[in-house]
Amino acid sequence: NRIMSLTESLDRNSQYESVAAGADVWTNITNASLDDAISTWERVNEIAISGADGSKNAIDRVGMAEELEQLLQHLIQIGNTTLGGKSIFAGAKTNATAFRFETDANTGRVTGVYFQGDSHVRTVKTKDSGSVEFSISGSNAGNLDSKGSFIDTNSGINSFETIISLRDKLLNNDISGITGNGGIIEEISTVSQSFNSSQVRLGG
């Protein structure tokens, strides 16, 4: 009986180790993706500050807008990162692409980005009576009790819409609403906090 009990205990420990190892890889990929998102977002902030500079002209701002379009597409790619064919930011809907996007037929520019996952956070069993979270959802999907990294309705942030709004203003040489209270630069700061907060939760 003791041998059987020890064998079962060894089997459980082996299963925990296997699952924990998989969760560790998932967490590392998520953290690397958030690092990439934060780096991308720093460049978005730099462009916003530069675009609001009164010394810049319309041609300068068009160039900035085109770079923003590339950054937007890169951010979508980050949001759609997969591991073993599973979307890491789609919550429980790992078989779905986390974010789908629509483009303008004439310009090819992204006009909208939409979340297709849910707010579920994955957990791994650590012992018979415990578990720990090891994932971050790309959006809280309207769930008041959860937080999203790229989109969070509780905080009123949408990283993709913020870039689209800034890009379109620069294309139209319209710098109103970029600075000041409630301006795009303030939105950028709030999104930056969301990405950093996501990393903190993941690290915890």
Side-chain angles (χ1 to χ4, degrees), residues 26-27 29-45 47-48 68-69 71-83 86-104 109-123 131-170 174 176-204:
W26 187 283
T27 301
I29 294 295
T30 304
N31 187 60
S33 297
L34 289 172
D35 273 340
D36 197 358
I38 290 170
S39 177
T40 300
W41 206 249
E42 288 173 352
R43 180 55 186 157
V44 171
N45 185 59
I47 292 175
L68 281 173
E69 175 64 23
L71 293 172
L72 172 58
Q73 292 183 21
H74 182 60
L75 195 65
I76 295 170
Q77 290 178 344
I78 296 172
N80 287 332
T81 299
T82 61
L83 175 61
K86 305 291 185 181
S87 296
I88 66 171
F89 290 113
K93 299 182 178 180
T94 56
N95 291 324
T97 301
F99 297 97
R100 70 174 180 87
F101 61 94
E102 297 177 353
T103 59
D104 183 277
R109 297 189 184 102
V110 175
T111 56
V113 182
Y114 309 95
F115 187 60
Q116 300 187 125
D118 60 29
S119 61
H120 176 76
V121 175
R122 304 183 74 186
T123 60
S131 63
V132 64
E133 296 179 352
F134 69 92
S135 73
I136 297 292
S137 181
S139 169
N140 71 323
N143 185 344
L144 298 178
D145 297 322
S146 67
K147 295 182 178 181
S149 49
F150 295 82
I151 301 173
D152 191 299
T153 57
N154 292 329
S155 303
I157 66 168
N158 186 320
S159 59
F160 307 108
E161 290 298 328
T162 296
I163 297 181
I164 290 172
S165 178
L166 177 59
R167 178 202 64 194
D168 291 347
K169 280 185 174 294
L170 294 178
D174 174 17
S176 63
I178 294 180
T179 61
N181 292 333
I184 292 178
I185 289 179
E186 188 173 296
E187 287 182 28
I188 291 172
S189 176
T190 305
V191 173
S192 178
Q193 293 171 17
S194 176
F195 284 137
N196 285 307
S197 176
S198 294
Q199 276 201 316
V200 170
R201 294 199 307 277
L202 187 69

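Put simply, OG1 on T94 and CG on D118 are 9.5 Å apart, with the number rounded to the nearest 0.5 Å. In this structure, the separation between CD1 on I136 and OG on S119 is 12.0 Å, given to the nearest 0.5 Å. The distance from atom CG of N80 to atom CD of Q116, rounded to the nearest 0.5 Å, is 8.0 Å. For the atom pair CD1 (I88) and OG (S135), the distance works out to 9.0 Å, reported to the nearest 0.5 Å. Rounding to the nearest 0.5 Å places CG of L72 at 9.0 Å from CD of E161. Going from atom NE2 of H74 over to atom CG of L68 covers 13.5 Å, rounded to the nearest 0.5 Å.
Within the structure, side-chain hydrogen bond (donor to acceptor under 3.5 Å, both in side chains) pairs that include any residue of residues 146-155 comprise N140-T153 (at least two apart or interchain). Legend: salt bridge (Lys or Arg N to Asp or Glu O under 4.0 Å) pairs involving residues 90-101, not counting sequence neighbours, sorted by first then second residue: R100-E102.
At least one donor-acceptor pair closer than 3.5 Å links the side chain of T40 to the backbone N or O of D36. Side-chain atoms of S33 come within 3.5 Å of backbone atoms of I29 as a donor-acceptor pair (strictly under, hydrogens ignored). Between the side chain of T97 and the main chain of F99, no donor-acceptor pair closer than 3.5 Å is present.
Side-chain contact between Q199 and I38: present, with at least one pair of heavy atoms (C-beta onward) separated by less than 4.5 Å. Residues V113 and L75 fail the side-chain proximity criterion, which asks for heavy atoms closer than 4.5 Å. Within the 4.5 Å cutoff, the side chain of W41 has heavy atoms near those of the I163 side chain. Using a 4.5 Å cut-off on side-chain heavy atoms (C-beta onward), L202 and T27 make contact. Q193 places a side-chain heavy atom less than 4.5 Å from the side chain of S189. Put simply, the side chain of V44 does not reach to within 4.5 Å of the side chain of V191, judged on heavy atoms. The closest side-chain heavy-atom distance from I184 to S165 is below 4.5 Å.
Legend: residues meeting ring pair (Phe, Tyr, Trp, His ring centres under 6.0 Å) with F89, ordered by chain and number and at least two apart, are F150. Residues that satisfy the salt bridge (charged side-chain N to carboxylate O under 4.0 Å, His left out) test with E69, not counting sequence neighbours, are R167. Partners of R109 by salt bridge (charged side-chain N to carboxylate O under 4.0 Å, His left out), not counting sequence neighbours, listed by chain and number: E66. Take D174 and apply the salt bridge (charged side-chain N to carboxylate O under 4.0 Å, His left out) test, not counting sequence neighbours, and it matches K169.
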| request: Give the intermediate values and the outcome of side-chain contact (heavy atoms from CB on, under 4.5 Å) for residues N45 and I185. | output: CA-CA 7 Å; N45 185 59; I185 289 179; 4.3 Å; yes
| Where do T162 and I157 land on the side-chain contact (heavy atoms from CB on, under 4.5 Å) test, with the steps shown first? | CA-CA 8 Å; T162 296; I157 66 168; over 6 Å; no
| query | How far apart are the C-alpha atoms of S197 and R201, what are their side-chain angles, what is the distance that settles it, and do they pass the side-chain hydrogen bond (donor to acceptor under 3.5 Å, both in side chains) test? | reply | CA-CA 6 Å; S197 176; R201 294 199 307 277; 3.2 Å; yes
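Minimum interatomic distance between I164 and G112 (heavy atoms only, all atoms of both residues): CD1-N, 3.9 Å.
Outside the 6.0 Å centre-distance limit, the rings of F160 and F101 are not counted as a close aromatic pair.
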